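Have a look at the structure below, then the notes.
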Amino acid sequence: MACPRRRLFSALSALRASGRRFSTEARLTADHVRIVEVGARDGLQNEKKSISLETKIQLIEKLARTGVTTIEAGSFVPAKWVPQMASTAEICEYLLQSPPPCQHAIAYNYLVPNIKGLEGLVKIMDRLGAAAETDGSETKPAARTEISLFAAATESFSKANTNCTVQESLERIKPIVALAKEKKIRVRGYVSVALGCPYEGPDVSPSKVAEITATLLEMGADEVSVADTTGMGTAPRTQKLLQTLKAAGIASSDLALHFHDTYGQALVNTVVALEHGIRIFDSSVGGLGGCPYSKGATGNISTEDLVHTLHSLGMHTGVNLEEMSRIGAWISSELGRHNDSRAGKATFARLSE
Ligand SMILES: CC(C)(COP(=O)([O-])OP(=O)([O-])OC[C@H]1O[C@@H](n2cnc3c(N)ncnc32)[C@H](O)[C@@H]1OP(=O)([O-])[O-])[C@@H](O)C(=O)NCCC(=O)NCCSC(=O)C[C@@](C)(O)CC(=O)[O-]
């Protein structure tokens with residue numbers, strides 16, 4: 001078996017040989033951050049109480065009106081694994097047939113764990129005659145369809161989350177990317193437990209994360225979201241990870257960071273990532289979310305806290321914080337849970353004065 005360093009080198013050599021350096025996304029300016037709103041998928045997937053289809057669609061459409069440009073809308077997973085996502089096919093059908101509720105270009109993203117998941121999405125698109133991308137001729141841009149696939153940085157988490165080894169999960173990804181490319185569907189990759197694993201602790205190897213990230217990019221992912229699933233990441237370890245990714249030749253423009261706020265470190269880690277040139281961040285409205293494999297895990301960094309901090313630093317997100325705070329208050333009350341966004345609660349309280 002090749003040593004990790006050699007495997008990393010070979011993944012990176014292949015990446016360099018492919019000549020692929022940057023994602024196909026429009027290049028971000030230095031002060032522009034793209035936010036990937038994951039509340040309707042990562043945020044809702046662990047909610048025990050069944051949430052109606054109508055509420056999920058309302059949430060997605062409200063989010064689209066805030067100016068956010070990428071929204072995770074669901075996942076094509078077996079209902080026995082994630083019951084809350086069982087309505088994804090219906091959400092997808094609705095979104096494919098409805099004009100976007102906003103004037104700006106928007107992408108709806110679906111998580112797929114295997115080829116069967118993507119086939120489910122493609123079947124719906126084919127039946128409705130829907131293309132993943134628009135030809136740009138419309139005066140009002142139609143929504144784009146994207147997918148996310150995922151691998152983990154540790155064997156234990158891979159086994160718990162996908163019932164296979166890391167290597168097997170990478171093998172599963174090959175046909176997914178091939179079919180997505182054929183259908184012109186943009187592909188996001190995730191590397192879970194990049195800064196801490198519920199089973200193996202906080203010391204996840206940055207080189208292993210770099211190796212998997214490079215492999216996903218080399219396979220054809222358009223960007224990779226490096227995920228702190230457990231929220232164990234700290235500023236020094238986030239810095240070390242980003243330095244390792246850079247040393248491995250991975251461009252910051254190919255990366256997104258996905259922080260959970262379990263230990264209250266998500267904003268600090270965001271600032272570290274900004275300093276390393278990262279301009280894509282995942283977050284969930286109201287800090288929705290949790291992790292079934294990680295005791296005590298809270299949700300993603302809240303979109304309202306992220307936007308508030310980014311705007312205070314002079315960065316542009318295109319997201320209306322007041323609108324986002326209204327949604328955070330609304331969805332928290334719909335779900336009967338605490339609103340986990342401090343900036344969201346404060347902004348909403350001021351609006352209600
Ligand atoms: C990967 C599997 C499917 C393997 O699960 P498995 O049980 O090993 O799958 P299988 O291939 O043996 O199939 C078992 C049954 O499921 C069916 N099946 C198989 N695939 C599908 C599908 N796509 N859609 C619908 N049905 C499917 C399949 O047809 C079969 O049906 P049966 O013959 O028993 O009637 C499972 O482990 C799984 O779904 N895992 C995903 C769990 C999940 O969604 N976790 C949360 C998302 S990841 C995450 O949140 C982290 C992230 C991304 O946010 C970043 C971070 O913070 O880390």
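Atoms within a ligand are numbered from 1 in the order they appear, just like the ligands themselves. On a predicted model such as this, the values are computed, not experimentally measured, just so you know. Position 1 is the first residue of the sequence, and the numbers go up from there.
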Does either side chain, that of S52 or that of T55, offer a donor lying less than 3.5 Å from an acceptor on the other one?
yes
Which residue owns the protein heavy atom closest to atom 45 (N) of ligand 1, what's the atom, and how far is it?
N161 OD1, 2.9 Å
Walk me through it: do E200 and S156 pass the test side-chain hydrogen bond (donor to acceptor under 3.5 Å, both in side chains)?
CA-CA 7 Å; E200 300 182 27; S156 332; 2.3 Å; yes
Nearest neighbour in protein (non-hydrogen) for atom 8 (O) of ligand 1:
N163 ND2, 2.7 Å
For atom 40 (N) of ligand 1, is there a protein heavy atom at a distance under 4.0 Å?
yes
Ligand-side contact atoms (ligand 1) for residue partner N114, heavy atom cut-off under 4.0 Å
3 (C), 19 (C), 20 (N), 21 (C), 22 (C), 23 (N)
When distances are taken from atom 51 (C) of ligand 1, the protein heavy atom at minimum range is S192 OG, 3.7 Å
Using a 4.0 Å heavy-atom cut-off, say whether M85 meets ligand 1 through its side chain, its backbone, both or neither.
neither
Is any side-chain heavy atom of E171 less than 4.5 Å from a side-chain heavy atom of K174?
yes
Quick one: which ligand 1 atoms are inside 4.0 Å of a heavy atom on D42?
50 (O), 54 (O)
Can you tell whether the side chains of E47 and K56 come within less than 4.0 Å, N to carboxylate O?
no
Within 45 degrees of the ring normal and closer than 6.0 Å to the centroid, is that where the cationic atom of R350 sits relative to F348?
no
Report the nearest protein non-hydrogen atom to atom 15 (C) of ligand 1: residue, atom name, distance rounded to 0.1 Å.
K80 NZ, 4.4 Å
Q265 and T234 side chains, donor-acceptor separation under 3.5 Å
no
Considering both backbone and side-chain atoms of F76, is one of its nitrogen or oxygen atoms within less than 3.5 Å of a nitrogen or oxygen in ligand 1?
yes
With the threshold set strictly below 4.0 angstrom, can you tell me whether any protein non-hydrogen atom sits that near atom 13 (O) of ligand 1?
no
Just go through Q84, H260, R41 and tell me whose heavy atom is the nearest to atom 54 (O) of ligand 1.
R41
Report, in ascending order of atom number, the atoms of ligand 1 lying under 4.0 Å from any heavy atom of G117.
23 (N)
Any protein heavy-atom neighbour for atom 18 (N) of ligand 1 (distance below 4.0 angstrom)?
yes
Please list, in number order, the atoms of ligand 1 under 4.0 Å from a heavy atom of V82.
43 (C), 44 (O)
Inspect the contact between R188 and D282 and indicate whether a charged nitrogen and a carboxylate oxygen are less than 4.0 angstrom apart.
yes
Measure from atom 35 (O) of ligand 1 to the protein's non-hydrogen atoms and state whether any distance is below 4.0 Å.
no
Could you find the nearest protein heavy atom to atom 7 (O) of ligand 1 and give me its residue, atom name and distance?
W81 NE1, 3.3 Å
Identity and separation of the nearest protein heavy atom to atom 4 (C) of ligand 1:
T162 O, 3.8 Å
So which heavy atom in the protein is nearest atom 29 (O) of ligand 1, and how far is it from that ligand atom?
K116 NZ, 3.0 Å
Per-atom contacts, ligand 1 versus L111 - under 4.0 Å to a heavy atom
47 (C)
Which value, rounded to the nearest 0.5 Å, describes the distance between L44 atom CG and K49 atom NZ?
11.0 Å
H258 and D228 side chains, donor-acceptor separation under 3.5 Å:
no
Are R127 and E93 close enough for a salt bridge, meaning some N to O gap below 4.0 Å?
yes
Looking at atom 10 (P) of ligand 1, is any protein heavy atom nearer than 4.0 Å to it?
no
Side chains of S252 and R279, donor plus acceptor under 3.5 Å:
no
Heavy atoms, side chains only, cut-off 4.5 Å: are L274 and V33 in contact?
yes
For atom 26 (N) of ligand 1, state which one of S148, P78, S169 supplies the nearest heavy atom.
P78
Please tell me whether S148 and N109 have a donor and an acceptor in their side chains that are separated by less than 3.5 angstrom.
yes
Atom 1 (C) of ligand 1: nearest protein contact (heavy atom, Å):
R172 NH1, 3.3 Å
D305 side chain to S341 side chain, donor-acceptor N/O pair below 3.5 angstrom:
yes
Element-labelled atoms of ligand 1 that are located less than 4.0 Å from some non-hydrogen atom of A227
55 (C), 56 (C), 57 (O), 58 (O)
Less than 4.0 Å from atom 31 (O) of ligand 1, is there any heavy atom belonging to the protein?
no
